[in-house]
Each structure stands twice: as C-alpha cells, then as structure tokens.
Asks: 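One structure is given below, represented as structure tokens, and several questions about it will come after.
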Amino acid sequence: MNPRDVEHIALLARIALTDEERAKMGRDLSAVLDYVRTLDALGLENEEPLSHVHEQFAPPRPDVPNAAACLPRDVVLAQAPESDSVHFLVPPVVDTR
Amino acid sequence: MTDRPYWQWSAGEIADAVAAGKASGDEVVRAHEAQADLWEPHVHAFLTRVPGGIPSPDAPALAPGQRPLLTGVPVAIKDNLSTRGVRTTCGSKILEHYVPPYDATVVGRLKAHGARIVGKSNLDEFAMGSSTENSGFGPSRNPYDVSRVPGGSSGGSAVAVATGQAAVALGSETGGSVRQPAAFTNLLGLKPTYGRLSRYGLVAFASSMDQVGVFSRSAADGARVLAALSGHDPLDATSLPGPALDFDALDLGPGTANGLVVGVPRALLGDGLDDDVAEGQRIVEAALQAAGATVREVHLLPPSSWVATYYLLATAEASSNLARFDGIRYGLRKSAPNVLDLYRETREAGFGAEVKRRILLGTYALSAGYYDAYYGKAQKARRRIQQDLGAALEGCDALLFPTTPTPAFKLGEKADDPLAMYLSDIFTIGANLAGLPALSVPAGFTGGGLPVGVQFTARASREDVLYRLAAALEHVLTDPKERRWPTKPS
C-alpha cells in the first residue's frame, strides 16, 4: 500500500496523518494484507458469508419508547465540547462563501 | 472463618461473610485498597480508583427469584464499561475526561448483587492490543515479573485480581482480551458465549464479537459472577433470550468432570509452542484423566486462518464503530474552521497509533473495489471456521489447547511489529469468531516463575461445562486457597 493509498483511506476515515505516519502505516498495513492472503488456501468460493454467529438474533420488540433508557437534554449536553443550552455547536458545514 | 487477610479471600467467602454480618464490607474494601497502595506504583492496574468503592444507593433491583451473590465483593471494571458518574476513558486521550451518564447493564447488575466497584482498570486503547502498551495513559505491568506485560487488552483487570486489589474483575473480549491476560497472570478468564452477557454500555470495538468477560482466582468465583450478570437484557438486541446461569445448581465438586470428553487438536501443539506451555498442556490432560474425563484427539483448521479472518472483520467493524468519536457530542475536540478538518484534527490528536492503524485497515477492507477481496472473503472464512469448531465439538464436551503460544513477553518486545503482536492471540481468536464460550485456566509456571495457561472451549451456552472442568483441575492440581501469589518488587 503506497502513501497515496494511505492518504485516500485516511481521508475516508477522517484522520489527519503526518508524512512519517503515512509511510509507517503503508508498511504496517501491507504486512497485514500479505498475511491475510493465507485465506486463499481455504478455497472459499462457494461458502456463504457469515455476519452473525447465532441463527436467531435481534428479534422484533414492541415499538414503545423506553423512557428509562433516555437521557435528559441537559445531562447529554453537559458532555459536549461546545453547546448552547439547546444545541451541539459545530463549525459551518456548508461553505457559503 | 479464616485467618487469611481479606484480600486473599474468595468472592464467595466475602459475600457469605458480609451478608451474614461476620465481616464488614468497608473493612474488606480497605484491605483491598491497602494492596492497591502497595502494588500500584509497580503495576498500574487502575486508571481511576474509587475510594471506598462506588456507592450504590441507585442499585437496580435483583431479577425475581435471585439472591444477592456478591455482597461486599470488591470488583475492578475495565475502563471501557460505562459507569455512571465515574470517568470512563477506554484508555484513550479522546475520552480522557468523559463521564458517562448511565451504567452498563453488567455494572448495574453488579450493584444489584451488592458488589463494591473499587476502580476502572487499564486497557489497550479501545481494547485494541494484547499487552496494555497501547493505553493512552501508560502500560500496566505483570506482577510476576514487572519487566513483562500482563497481556491485554484487559491487562489492568487481570493485574488487579492477581495482586489482591480486587477479588474478581470484569474485562471484555473481542479476540482473546480476557483469556490471554488471565493466562499471563495465573487467573481464570472467561469469554462467555456471544450474547450471554449484555453489551449495553460496553464501548463498541467489533460488535459481532465483543463480549464482556470475567477474571477470577477460582472456578466457583467465576461462575458466581457469570450467574450474577447473565440473563436477557432488552437493551441489547443481541442478548440471548435464555435465563441466567443457576449458580446454586452448578456442581463444582471433585467428581464433576467424571465422564466428560475433552478433545485436543494435537496439530496445534507443534512448532512455535514454548516448552513450558507444552508441559502445562500435558499436566492438565493428565489431571483431567485423573478426574475421570476422557481425552481424545480432534482436528481443526490451522489457526493462522483465525488471525487473518479476525483482523479483517474486527478492523472493518471498528472503522464503523469508532466513527462516533468525532469531537461533536462528547470527548476531545480540536478546533478547526470547517467540520471536515475538525473531524480529522480531533481524531489525529485523540487516537493512538494502533487505533489509527486498525481504523485505516478496516476502512480499506470495506472500501469500494476491495470489499469482496477482503471483508467478503473474511465473512466466508468465518462460516468455515465456525463449522470447523462445531464439527470438532460434536464428539466432545470441550476442546483443550494452550491459551497462548508463549508466557508473558517483555514490554517493548513486540511494540514495533503489529503482526507479531496480532499473532500472540493466535489460539484465542477462534472462539470469538464462532461465538463460543471459552475459559483460560492456570496450568502451572515456567522455571522462571511466569504463569502458563490453557483454555477450554465448549458449545454455545455451556459455560457450566467450562467451570466444571476448571473445578476438577482445582481438586486434582491446586486448591485456589494455596495459589502462588506474586511477590512485590522491593
């Protein structure tokens, strides 16, 4: 994986990297990707993918709000890096210049 | 009752004595805190200590028909489990000052059973690692040799129990993060069946494998904690529907393993296995036969396929789960003129190198053009691995093989080689991929005094079999009351 690939992935993942980090990440990730080629020996072409270990999971439940599992607004906003008393505050999302 | 100091008591002894008014819960906590004062400068088990234990006036009620199982028992909690009003960092700078407004379900159940939560224990950042060296707040150290790692990612919880700072502890597993540190510190470490314990309030790493785990110094204590915490939780959609483990119905007496069949995958015990680990495996096999169990050979896929599959699936899930740490709603924020740079700068500053590496690997495995070649292939491999372990368990009650290929390694030994670090989990990952319960148990010491562990893997929801086998070993090999405690460095 070359530094340009790493830069592309880092942008997708929303992580800024220094030049030095980019180079090391490229080497480390290439080593892991080489290792995972060992899976090719298993001959998996006709296997069904598995996304959950139990056959029965996430059963439907009544569509009723659980007030006990909800938090008051002031409690939630108390953890925010920046807020007024009602909203999370963020920099401009749309560039209007 | 006993002339041993409180910090050497089992959770069962403490719970019975405090409930009967024969011991003071405050004094029991103080004895464990005195151990922490002695050991913490050397081992760094805790990120946050809670003097006197978390007060639990808000403890939820017990489920109908349950009796309190942990009255007065000092418990350490891995710092990726949410504790209301007590800082929960996940070992990450991005959550250094985060204080959860709610309890994880397992934390609430500990309180309901009367436990005293004495601190939040150190871990590899977001549970990503095998040594605690990836903690944003400095590593923990192995009390049996402080130049060595205690294992990870739940290393702090292991160290707390191994040094008598807590009677039992909670950790979490995604790929071996309870069993591997248990093996390195002379403890029992349980990874329950996927869905057995609620994940509500466990900060997510890889949701299809994450599971809360239990550290204990005896089979009876581990089963006691599992019984207190298990049972369906409507707040976790993947929580299994069945009832809690019935602790009082569990037979942990001398004859409990009589007639059980244990399968050993001999092919795993070849190259690269440390001699002392191989000897531990031999000792345990002989002890099981002495306890009336039958040992037979089974065959498994090479565990290299487990590691390859795991590092694609776990990183892919992590890249999605950790997207929530963005500097908007809680945690660290780095200011920037636009929201994209705010995300990038916050995550650059807040995450350590291993977390970044895994997020990038997972993003790559999921990205357009590579999905089928990496993530899709790993999902197929996961099915093959689950079928393979299931087939091996068809003719036996449990599988037995070492927890780790070597005893605890030196701090720094693998820190610059991510792949070498990943391979230290080579024997533990299969149970996580297949969703099966597995328990690491002590299997003696090396000539140099380092603990060695082996593990049992059972069919889904058969944690009872795991603890019966562990109890049988205690009857044949070492009474937990006679355990070899670590010696504090001078």
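Per chain, numbering begins at 1; letters A, B, ... match sequence-line order. All heavy atoms count here, side chains included; hydrogens, waters and symmetry mates do not.
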Asks: Answer yes or no: is there a donor N or O on one side and an acceptor on the other, between the side chain of B/Ser335 and the main chain of B/Arg333, under 3.5 Å?
Replies: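 No.
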Asks: Check B/Ile385 against B/Ser305 and note the closest heavy-atom contact, atom names and distance.
Replies: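 Between these two residues, the closest heavy atoms are CD1-O, 3.8 Å.
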Asks: Over all heavy atoms of both residues, which pair between B/Arg84 and B/Asp103 is shortest? Give the atoms and the distance, please.
Replies: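 Closest heavy-atom pair between B/Arg84 and B/Asp103: N-OD1, 2.7 Å.
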Asks: For B/Arg344, is there an ion pair with B/Asp341 - N to carboxylate O distance below 4.0 angstrom?
Replies: yes
Asks: If only atom types and distance count, is the side chain of B/Gln211 paired as donor or acceptor with the main-chain N or O of B/Glu173 below 3.5 Å?
Replies: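 Flag not set: sc B/Gln211 to bb B/Glu173 has no pair under 3.5 Å.
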Asks: If every non-hydrogen atom of A/Ser51 is compared with every non-hydrogen atom of B/Ser208, which pair is closest and at what distance?
Replies: O-CB, 4.2 Å
Asks: Rounded at 0.5 Å granularity, tell me how far CG in B/Leu433 sits from CE in B/Met209.
Replies: 5.5 Å
Asks: Given that the side chain runs from C-beta out, which part of A/Ile9 has a heavy atom under 4.5 Å from chain B: side chain, backbone, both or neither?
Replies: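 Interface part for A/Ile9: both.
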Asks: With respect to chain B, which residue among A/His8, A/Arg61, A/Glu82 yields the maximal number of heavy-atom pairs within a distance under 4.5 Å?
Replies: A/Glu82
Asks: Any side-chain heavy atom of B/Ile429 sitting closer than 4.5 Å to one from B/Thr309?
Replies: no
Asks: Please classify the contact between A/Asn66 and chain B as side chain, backbone, both or neither, with a heavy-atom cut-off of under 4.5 Å.
Replies: side chain
Asks: For B/Tyr102 and B/Tyr200, take the angle between the two ring planes, folded into 0 to 90°, and tell me which bin it lands in: parallel under 30, tilted 30 to 60, perpendicular over 60.
Replies: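 Aromatic pair B/Tyr102/B/Tyr200 classed tilted.
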Asks: Can you say whether B/Asp372 sits under 4.5 Å from chain A via the side chain, the backbone, both, or neither, judging by heavy atoms?
Replies: neither
Asks: With a 4.5 angstrom heavy-atom cut-off, which part of B/Ser367 approaches chain A: side chain, backbone, both or neither?
Replies: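 The side chain, not the backbone.
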Asks: Looking at side-chain heavy atoms only, is the closest gap between A/Asp5 and A/Asn2 below 4.5 Å?
Replies: yes
Asks: Can you tell which part of B/Pro418 gets under 4.5 Å to a heavy atom of chain A, answering side chain, backbone, both or neither?
Replies: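 The side chain, not the backbone.
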Asks: Please classify the contact of A/Leu17 with chain B as side chain, backbone, both or neither, using a heavy-atom distance under 4.5 Å.
Replies: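 For A/Leu17, heavy atoms of backbone and side chain both lie under 4.5 Å from chain B.
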Asks: Need one label for B/Ser239: side chain, backbone, both or neither, based on atoms under 4.5 Å from any heavy atom in chain A.
Replies: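 For B/Ser239, there is no contact with chain A at all, as no heavy atom is under 4.5 Å.
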Asks: Looking at chain B, which one of A/Pro91, A/Ala16, A/Ala69 has the largest number of heavy-atom pairs inside 4.5 Å, strictly under?
Replies: A/Ala16
Asks: Donor-acceptor pair, distance only, cut-off 3.5 Å: does the side chain of B/Asp233 make one with the backbone of B/Ser198?
Replies: no
Asks: Other residues, nucleotides and ligands only: do more than 12 of their heavy atoms fall within 6.0 Å of NZ on B/Lys334?
Replies: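 Not more than 12 within 6.0 Å, no.
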Asks: Is chain A contacted by the side chain of B/Leu436, its backbone, both, or neither, given a heavy-atom distance below 4.5 Å?
Replies: neither
Asks: When you measure from the side chain of B/Glu133 to the backbone N and O of B/Ala415, does any donor-acceptor pair fall under 3.5 Å?
Replies: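 Such a contact is absent between B/Glu133 side chain and B/Ala415 backbone.
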Asks: For chain B, which of A/Ser83, A/Pro81, A/Ala80 has the most heavy-atom pairs under 4.5 Å?
Replies: A/Pro81
Asks: Any idea how B/Phe325 and B/Tyr330 line up, ring-wise: parallel (<30°), tilted (30 to 60°), or perpendicular (>60°)?
Replies: perpendicular
Asks: Could you look at B/Leu419 and say if it's the side chain, the backbone, both or neither that has a heavy atom under 4.5 Å from chain A?
Replies: side chain
Asks: Which atoms of A/Glu45 come close to chain B, meaning under 4.5 Å heavy atom to heavy atom: side chain ones, backbone ones, both, or neither?
Replies: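 Just the backbone, heavy atoms under 4.5 Å.
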Asks: Considering only heavy atoms, give the residues of residues 354-362 of chain B separated from chain A by less than 4.5 Å, sorted numerically, with 'none' for an empty result.
Replies: B/Lys356, B/Arg357, B/Ile359, B/Leu360, B/Leu361
Asks: Do A/Arg14 side-chain atoms and B/Arg347 backbone N/O form a donor-acceptor pair below 3.5 Å?
Replies: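 Checked: no pair found.
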Asks: Between B/Tyr310 and B/Thr174, what is the shortest heavy-atom contact and its length?
Replies: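 Closest pair (atom of B/Tyr310, atom of B/Thr174, distance): CE1-O, 3.2 Å.
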Asks: Is the CZ atom of B/Arg324 crowded by more than 12 outside heavy atoms at less than 6.0 Å?
Replies: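 It does: B/Arg324 CZ has more than 12 such atoms within range.
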Asks: Given heavy-atom pairs under 4.5 angstrom as the criterion, report whether the side chain, backbone, both or neither of B/Pro337 touches chain A.
Replies: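 The answer is the backbone of B/Pro337.
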Asks: Of all of A/Thr38, A/Asn46, A/Val53, A/Val6, which one pairs up most often with chain B through heavy atoms under 4.5 Å apart?
Replies: A/Val53
Asks: Does any heavy atom of chain A fall under 4.5 Å from the side chain of B/Leu423, the backbone, both, or neither of them?
Replies: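 It is the side chain, since no backbone atom gets that close.
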Asks: I need the residue from A/Arg37, A/Glu21, A/Lys24 with the largest number of non-hydrogen atom pairs under 4.5 Å to chain B.
Replies: A/Glu21
Asks: For residues A/Tyr35 and B/Tyr422, establish whether the separation of their ring centroids is below 6.0 Å.
Replies: no
Asks: What residues of residues 373-382 of chain B sit under 4.5 Å from chain A when only non-hydrogen atoms are counted?
Replies: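 Within residues 373-382 of chain B, the residues that come under 4.5 Å of chain A (heavy atoms only) are B/Tyr374, B/Lys377, B/Ala378, B/Gln379, B/Lys380, B/Ala381, B/Arg382.
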